[in-house]
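Reviewing the structure listed below.
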Amino acid sequence: MFLALGRWCAHRPKRVAAAWLLLLLALGGAVLGYGRVTSEAVKIPGSDSQAALDTAAVAFPGPASGNQPLVLHTAADGQPLTAQAARDAVERAARDIARVPHVIAVTSPYDRPGGPAVSADGHTAYLTLGLDVTGRDITPALTHWITDAAAPAAAAGIEVTPGGDLAAAVDRPDTGHSELIGLAAAAVVLLLGFRKAAAAGLPLVVGIAGLAVSLAAVGLAGHLMDMPSSGSTIAAMIGLGVGIDYTLFSLTRFRELRGRGAAAAEAAALATATAGKAAAFAGCAVIAALAGLALGGLPLLRALALAPAVAVLVAVAATLTLLPALLSLLSRFLGATAPAHAPATASADAAAPGAPSAGGWQRLAERVAARPWRHLLAGLALLLLLAAPATDLAFGQLDAGDKPTGSASRTAYERLAAAFGPGVTGPLQVTDTLPTAPAGPQDPRVAKVSAALAHTPGVAALAHTPGVASVSPPQTAPGTHAVRWQVTPTTAPGDPATARLVDTLRRDVLPAATADGAGTAHVGGAPATVADLNDRLADRLPAVIGVVVAVASLLLLAAFRSPLLALKAAVLNLLSVAAAYGVLTAVFQWGWGARAIGLEGPVPVPGYVPLLMFAVLFGLSMDYEVFLLTAVRERYLESRDARRAVVLGLASTGGIITSAALIMVSVFLAYLLSDDPVVKMFGTGLAAAVALDVTVVRGLLVPTTMTLLGDRGWWLPRWLDRILPDLDIEGAAHTLPASADAGGRRPAAVGAAPDGPAEPGPAPLPTAPTPPALPTR
């Protein structure tokens, strides 16, 4: 199937390239026409915070985006906002802002329900804006329209700073420069290796084409589901890395086949049937690992898994269709690898861009295999040392205080926190649904909950709720049974004490206040939502890890028909991920080297970051495992010498795997330039994991364990041999063409007899040997 697909595309290159161009134009037109929709909404079905949100949405419908603050500030030596001139300027600004498109409500700080929104010193206040748009529809242009409309306040010497989603719109990170830097680094590696501009540029062209298609598809998916803006960034990181890597593997095989005399179109088809097929298997392994995140039961997690899965799927499709077409079309410019004279040695596959010679890799492999225990223990010790900080990893919550200094979000946060306390930037919403409609705010049932929340003296065990700064008057909705309070904590949204307050309200305060039939109370708001999200992720983490490991192990078992190798790969991949978690904990949670990557100090790690990283890293580790074990298995089938197979397999693939990993690490590290801490976390964690995987795991632990296992590593029970499919993921039956014509004419199909008398030409190339059966018991 892969050979036929590659051959069809190679013989119709212009048609295939045109089809991809049309796909790009169609998706680009759809994005221009319908837009790329993102949503930062976090839904947690069955959680207490979701119940509070649903109750409030029905009983107290409000602006689509909630209330957005517009912070007003004057210098300490300037006139206070309570002065009449400043007050008049703010009121004029409020009237002008109310006329801005998408603004449906403006609440002045002077007539705010529950008391004025002006600080005690009179130098900080905030307007409250209601908008009829959400998510990515809150654009930088809308924020600028609103701040421009506040000109009367600015003219009176009042600094106007947007907060909330309005600030996030103007602070929204642009990762375009990260993609460009990653592409530039990849271009350098490819150019140094291939020494030809066309060969170096081809993986970049295929990678960019796949990236454009996947980003458009992810953006359009936002119309069907809540897709966070970070989904596109993660898709770009993964899609660009694997797209270039998969193309690199196939292009290297194509150049090797051309060096052995295969015609261009047939070499492209054979490269698709071998390296392309392995890339497809590796891509499916990444997608299968990401699919395991569906067990998290969270729409956010499904969306963040879908985005990179789409990118990997598009990268595989481009490798199997667009690449063979371009290989055939541009073959004269791509060069060829010198023909190998000893197929059974490492030189057969030694052409790897940007890597040491095959002889160097073979010497390294022989050194490792000669002292396996020493290198095994050294590798394990290094991974365990790096993984040690992961024992302290705790899920936390980022807030605007973690944004870069000078950003609108950070400025608004600091001014509000200094004037009104840090809790004002992340209030809690407490809702209570009563059995019967309340008589009003003075209803005894409502008053009892209010007293408990506001730590009113005289209410026995409920007095003095720790961590509560203030509680708004109860809000009732005519015709409903719902009551709502806004509880302002004394601590910031990202402070662990705020999560403890949420737990205290749910476990102690509200159950006691509603014990006599005063309804069903829930705690919502952004801090409560994140606390529920982290709890849900912590509960589901073991199941997700178990499923991902099981699926990956089954795929490797089917690919290489060895239970011990599948188990070994799962254990080593877990160690590699644990080491990446340790780096993540040390850099972000402990703050080691945080300033070197543009952070001011430690920041909390959101719960979804380690979980998504686990699936991505486990899938990416499978990529290199597949390419290395394929080479080792091929050598073992030829020689039946387990140690020699390990040495030659590592020698023949070390260069190409190292080059591919270097490209991927460069792409990931380029995202450290982003101001978003979450993007930095993914860039750091993924880069560290890939670097460790290709050096410590593939360079030390895999060859040492396989050397120690010897022939036992390829043992397969007879009953399992009967039920396992023979996937032949590297396409051993199509390694070399049956014949090649020096004039570039298409050779006969692999394994097929010629249709007539043989034409004069070079002697047929040797075909790959038929693999003998593996030992069974």
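Everything quoted here is computed from the prediction, not taken from an experiment.
Taking the side chain as every heavy atom from C-beta outward, L81 and T74 approach each other to under 4.5 Å. Inter-residue side-chain proximity for L599 and V587 is flagged as unmet; no heavy-atom pair is nearer than 4.5 Å. Put simply, the side chain of D532 reaches to within 4.5 Å of the side chain of R506, judged on heavy atoms. Looking at heavy atoms from C-beta onward, S576 lies out of side-chain contact with L617 at the 4.5 angstrom threshold. Between P606 and M681 the shortest side-chain heavy-atom distance falls below 4.5 Å. Counting heavy atoms from C-beta on, the side chains of L686 and V667 never come closer than 4.5 Å. Using a 4.5 Å cut-off on side-chain heavy atoms (C-beta onward), V118 and T124 make no contact. Within the 4.5 Å cutoff, the side chain of I181 has heavy atoms near those of the L673 side chain.
Looking at every heavy atom in both residues, A236 comes nearest to L211 through CA-CD1, 3.5 Å. The two residues A125 and P109 have their closest heavy-atom pair at CB-CB, 4.0 Å. Heavy-atom minimum distance, A497 versus D495: N-OD1, 2.8 Å. The shortest non-hydrogen separation linking I138 to L131 is CD1-CD1, 4.0 Å. Of all non-hydrogen atoms in Q475 and F60, the two that sit nearest each other are O-CZ, 3.3 Å.
Side-chain contact check for S49 and S47: at least one donor-acceptor pair (N or O, by modelled atom type) lies under 3.5 Å. A donor-acceptor contact closer than 3.5 angstrom links the side chains of T498 and T491. Between the side chains of T161 and R415, a donor-acceptor pair is found at a separation under 3.5 Å. Between S409 and D171, the side chains place a donor N or O and an acceptor N or O closer than 3.5 Å (distance only, hydrogens not considered). The closest side-chain donor-acceptor pair between T431 and H522, if any, does not fall under 3.5 angstrom. For S108 and E91, the side-chain atoms include at least one donor-acceptor pair closer than 3.5 Å.
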V100 and L129: CA distance, side-chain angles, deciding distance, side chain to side chain contact (heavy atoms under 4.5 Å, CB included) verdict: CA-CA 11 Å; V100 173; L129 279 58; over 6 Å; no
F395 vs Y608, ring pair (Phe, Tyr, Trp, His ring centres under 6.0 Å): CA-CA, chis, key distance, verdict: CA-CA 8 Å; F395 297 165; Y608 63 86; 9.6 Å; no
Criterion side chain to side chain contact (heavy atoms under 4.5 Å, CB included) on D392 and Q589, from CA distance to verdict: CA-CA 9 Å; D392 193 41; Q589 191 171 308; 3.6 Å; yes
Residue pair L533, T529: steps toward the side chain to side chain contact (heavy atoms under 4.5 Å, CB included) verdict: CA-CA 6 Å; L533 174 64; T529 299; 5.5 Å; no
Intermediate values then yes/no, side chain to side chain contact (heavy atoms under 4.5 Å, CB included), Q429 and V523: CA-CA 6 Å; Q429 302 291 335; V523 181; over 6 Å; no
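At most 12 non-hydrogen atoms from other residues, nucleotides or ligands lie less than 6.0 angstrom from NZ of K403. The neighbour count for W592 CH2, taken as heavy atoms of other residues, nucleotides or ligands under 6.0 Å away, does not exceed 12.
Side-chain N or O atoms of H123 include one that pairs as donor or acceptor with a backbone N or O of A75 at under 3.5 Å. Under a 3.5 Å cut-off, the side chain of S472 and the backbone N or O of Q486 do form a donor-acceptor pair. A donor-acceptor distance shorter than 3.5 angstrom exists from the side chain of T143 to the backbone of L166, with no hydrogens or angles considered. Judged by distance alone, with hydrogens and angles left aside, the side-chain atoms of K680 form a donor-acceptor pair with the main-chain N or O of S674 at under 3.5 Å. Using a distance-only test at 3.5 Å, with no hydrogens or angles considered, a donor-acceptor pair links the side chain of D399 to the main chain of G494.
A salt bridge is absent between D675 and R410: the closest approach of a Lys/Arg side-chain nitrogen to an acidic carboxylate oxygen does not fall below 4.0 angstrom.
In this structure, F614 has its ring center no closer than 6.0 Å to that of Y581.
To the nearest 0.5 Å, atom CG of residue L537 and atom CG of residue L298 are 5.5 Å apart.
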